Amino acid sequence: MDTGKNRYIKAPLGMKDLFPEERVLWEEIESVAREEFELSGYYEIRTPVFEDTRLFVRSIGETSDIVEKEMYTFGDTTDSMITLRPENTAPVMRAYLEYELHKSKKFQKFYYIGPMFRKERPQAGRLRQFHQMGVEAVGSYDPLLDVETIKVATRVYDRLGLSGYKVKVNSIGCEKCRPGFRDLLKEELRRYKEELCELCQARLDRNVFRVLDCKKKKCREICNSVSSIENHICSGCQDHFTTVKKTLEDIHLEYVVDQNLVRGLDYYTKTVYEITHPAMGARDTICAGGRYDNLISDIGGPPIGAVGFAAGIEASLIALLKTRNKENQSGNPPVVLDVYLVSIGSETRSYCFRLLNNLRHAGVSVDMDYESRSPKAQMRMANKIGAKFAIVIGSEEVEKGVIKLKHMQTGEEKLTHDPEEAIRIIRE
RNA sequence: GUGGGCGUAGCUCAGUUGGUUAGAGCACCAGGUUGUGGUCCUGGGGGUCGGGGGUUCGAAUCCCCUCGCUCACCCCA
């Protein structure tokens with residue numbers, strides 16, 4: 001283990017630390033998201049980071065890459081296996097069913113923010129521990145909800161000041177019409193089998209729909225010449241999709257229909273959507289979601305419709321940073337202390353520590369030196385951390401019982417005997 | 001799992017026909033007022049040149065292996 005850049009233990013591959021400076025933007029994103037989610041009537045649910053492995057196998061699909069090779073699965077003390085959640089839709093539905101909400105409060109709107117885990121090779125905006133924020137509207141088939149969730153996502157981005165994102169929507173049909181289209185697509189694409197890339201030839205059998213979003217030019221051309229799903233979904237799905245599109249237009253939400261938009265997770269039905277941003281790397285999705293009317297029954301519940309999305313926080317952050325740099329904006333300033341307490345001479349330190357705690361008790365944010373540094377060094381620190389005031393206490397001040405306040409920006413110094421007065425000055 | 005690129009100070013990086021004690025900027029620390037910051041000046045600490053092996057009189061530099069990071073593929077937020 002001593003072969004790395006240094007000999008210290010490092011964070012596991014694809015896991016990142018978040019230091020105070022970076023946390024500022026994270027908190028902005030999270031708080032804006034919370035506000036917008038709650039503004040639309042979604043309530044936070046916190047589920048465990050571990051779930052019974054079977055939950056993901058049944059919901060995401062046994063043959064999906066996520067289940068086959070990307071899950072962190074462990075045995076625990078019982079004979080069941082548990083898995084670090086690779087996504088949070090299934091856990092939320094699990095909780096919904098576990099408490100039998102479909103019997104008491106069938107229609108529910110949830111949101112969540114938290115870490116997810118997938119054991120894949122990390123790359124731009126994609127980590128092994130990553131974070132998602134998302135909403136789930138459970139218990140209704142209403143297409144208005146499909147639109148509402150999209151709108152919630154764009155509201156979050158708009159309020160964060162993110163520009164340049166693009167909303168793509170599509171309908172992938174339901175359990176009635178999708179199998180028929182799948183067979184048709186397979187049949188049509190087979191005719192071009194030799195011309196498809198090696199990967200797509202494999203996808204032909206594994207998951208035909210994936211051929212539709214292949215990046216290779218040749219494959220794209222072939223896909224464009226093949227029957228489009230729009231004309232092959234059932235009338236119910238057609239109606240649903242038409243309402244979705246019309247409603248998007250009603251509320252002036254800009255979008256494009258992308259016939260080649262498919263989703264990787266098995267549980268999606270009807271509406272699927274994606275928000276992309278060019279600041280990302282090769283994978284430009286920052287938010288993705290759709291309707292999943294079969295998921296709840298897949299995991300053993302009654303047939304209940306639901307729709308939702310998950311937005312990648314790291315991905316959104318990258319997009320946001322790019323946007324803001326362009327506009328020459330910096331993030332919010334870090335935490336700023338009201339006061340840095342400069343103590344001169346070791347004999348004043350206990351006096352200063354009492355003063356420090358009195359100030360904190362009064363709600364003044366304050367810190368002091370714990371390294372026995374010189375007054376000059378302490379002043380430098382006061383300046384570096386951007387404290388509004390320095391309070392300078394030496395033996396002279398202790399003897400006279402005064403507090404010496406220095407305003408860091410003006411350099412003006414004030415003396416007072418009255419601690420209340422000092423607090424007033426600081427609060428001005 | 002596969003492929004490309006890259007590993008020199010805490011950070012960003014110079015350092016290629018292989019040649020003395022490996023550099024800069026920033027950051028950090030100290031001094032320039034034995035009790036006062038920001039600018040400025042001076043000085044300082046800090047590097048097994050990712051690690052191991054090989055070639056050579058001599059390797060940060062060339063070769064092999066290895067580890068790590070990164071981007072991309074698969075897949076996905």
Side-chain angles (χ1 to χ4, degrees), chain A residues 1-8 10-14 16 60-61 63-71 85-89 113-134 153 197-200 202-203 206-207 210 213-216 262-265 273-277 280-290 308-319 340 342-345 348 369 371 373-387 389-398 404-411 413:
Chain A
M1 289 299 188
D2 59 346
T3 50
K5 174 154 187 174
N6 60 41
R7 289 179 207 79
Y8 304 122
K10 43 195 303 181
L13 182 66
K16 288 272 184 286
I60 298 171
T63 59
S64 69
D65 273 44
I66 291 179
V67 170
E68 275 186 353
K69 53 184 201 189
E70 292 182 358
M71 297 207 304
R85 61 184 184 193
E87 59 98 42
N88 209 33
T89 298
I113 299 178
M116 310 294 155
F117 306 84
R118 288 182 202 173
K119 202 190 305 170
E120 61 182 351
R121 274 296 260 285
Q123 56 185 293
R126 274 177 284 176
L127 297 169
R128 288 187 164 189
Q129 178 179 332
F130 60 106
H131 298 76
Q132 288 185 332
M133 48 193 194
C197 70
E198 208 173 312
L199 210 64
C200 281
R203 285 199 268 237
R206 255 181 89 84
N207 186 353
R210 276 282 158 210
D213 70 350
C214 183
K215 294 187 189 85
K216 304 236 167 34
V262 298
R263 299 271 76 226
L265 281 50
Y273 56 88
E274 228 175 59
I275 298 177
T276 61
H277 195 280
M280 294 289 294
R283 182 62 183 172
D284 56 3
T285 306
I286 57 177
C287 173
F309 69 78
I313 296 185
E314 286 84 354
S316 302
L317 190 84
I318 290 171
Y340 193 78
V342 175
S343 67
I344 298 165
T348 65
D369 165 73
E371 298 171 282
R373 306 224 284 176
S374 68
K376 180 173 180 160
Q378 293 183 55
M379 285 303 294
R380 279 195 183 130
M381 184 60 76
N383 184 62
K384 191 168 77 177
I385 64 174
F389 285 89
I391 287 181
V392 182
I393 302 291
S395 51
E396 203 178 306
E397 285 76 13
V398 174
K404 186 193 262 187
L405 290 144
K406 178 169 186 170
H407 192 276
M408 293 301 287
Q409 264 172 26
T410 62
E413 290 193 343

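To find a chain, count down the sequence lines: A is the first, B the second, and so on, and within it residues start at 1. Atoms considered below: every heavy atom in the structure, side chains included; atoms not considered: hydrogens, waters and symmetry mates. Worth saying up front: this structure is predicted, and the values here are computed from it rather than measured.
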Review point. Checking salt bridge (Lys or Arg N to Asp or Glu O under 4.0 Å) for the pair A:Glu371/A:Arg373: CA distance, chi angles, key distance, verdict?
Key: CA-CA 5 Å; A:Glu371 298 171 282; A:Arg373 306 224 284 176; 3.7 Å; yes
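- Nucleotide B:U16 forms a pair with no other nucleotide shown, judged by Watson-Crick or G-U wobble geometry with both contacts under 3.5 Å.
- Counting any heavy atom pair closer than 4.0 Å across all strands shown, A:Lys215 reaches sugar-phosphate atoms only and no base atom.
- Between A:Glu120 and A:Leu127, the closest heavy-atom pair is OE2-O, 4.2 Å.
- Distance from the side chain of A:Ser374 is smallest to B:G31 among B:A72, B:G31, B:G35.
- Using a 4.0 Å heavy-atom distance criterion, A:Val392 is classed as a base contact.
- Phosphate contact (OP1/OP2 of B:C75, side-chain N/O of A:Arg203, threshold under 4.0 Å): present.
- Between A:Met133 and A:Ile113, the shortest heavy-atom contact is CB-CG1, 3.7 Å.
- When the side-chain nitrogen and oxygen atoms of A:Lys69 are compared with OP1 and OP2 of B:C75, none of them lie within a distance under 4.0 Å.
- Among the protein residues, A:Glu314 comes within range of no part of the nucleic acid, since none of its heavy atoms lies under 4.0 Å from any strand.
- Distances shorter than 4.0 Å separate some side-chain N or O of A:Gln123 from OP1 or OP2 on B:A72.
- Using Watson-Crick or G-U wobble geometry with both donor-acceptor distances under 3.5 Å, B:C69 finds its partner in B:G5.
- For the OP1/OP2 pair of B:C67 and a distance below 4.0 Å, the side-chain nitrogens and oxygens of A:Lys10 include no atom meeting the criterion.
- Here B:C26 sits opposite B:G10 as a Watson-Crick or G-U wobble pair (both hydrogen-bonding atom distances under 3.5 Å).
- Note on A:Ala382: nothing from the nucleic acid sits closer than 4.0 angstrom, heavy atoms only.
- At the heavy-atom level, A:Gln378 lies nowhere under 4.0 Å from the strands shown.
- Across B:A60 and B:G53, the matching P atoms stand 14 Å from one another, rounded to whole Å.
- For A:Leu13, counting side-chain heavy atoms from C-beta on, the closest listed nucleotide (B:G31, B:A77, B:C69) is B:C69.
- Residue contacts shown for A:Glu198 are absent, as no nucleic acid heavy atom lies under 4.0 Å away.
- Contact between the side-chain N/O atoms of A:Lys216 and the OP1/OP2 oxygens of B:C73 is not found at any separation under 4.0 Å.
- Tested against A:Glu314, the residues A:His131, A:Gln132, A:Arg126 include a single side chain to side chain donor-acceptor pair (under 3.5 Å) partner, A:His131.
- For B:U70, the OP1/OP2 oxygens have a side-chain nitrogen or oxygen of A:Lys16 closer than 4.0 Å.
- Across all strands, A:Ile313 comes closer than 4.0 Å to no nucleic acid atom at all (heavy-atom distances).
- For A:Lys216, the NZ atom sits in a loose shell: 12 or fewer heavy atoms of surrounding residues, nucleotides or ligands are nearer than 6.0 Å.
- Regarding contacts with the backbone of B:C75, every side-chain N or O of A:Arg126 stays at 4.0 angstrom or more from both OP1 and OP2.
- For the residue pair A:Ile286 and A:Ser316, the shortest heavy atom distance occurs at O-OG, 3.9 Å.
- Closest contact between the side chain of A:Arg373 and the listed nucleotides B:G38, B:A30, B:G35 involves B:A30.
- Of the candidate nucleotides B:U70, B:G32, B:C76, B:C76 has the atom nearest to the side chain of A:Arg118.
- Side-chain proximity of A:Asp65 to the nucleotides B:C74, B:A30, B:G35 is greatest for B:C74.
- Using a 4.0 Å heavy-atom criterion, one finds that A:Gly411 contacts the bases of the nucleic acid, with or without backbone contacts as well.
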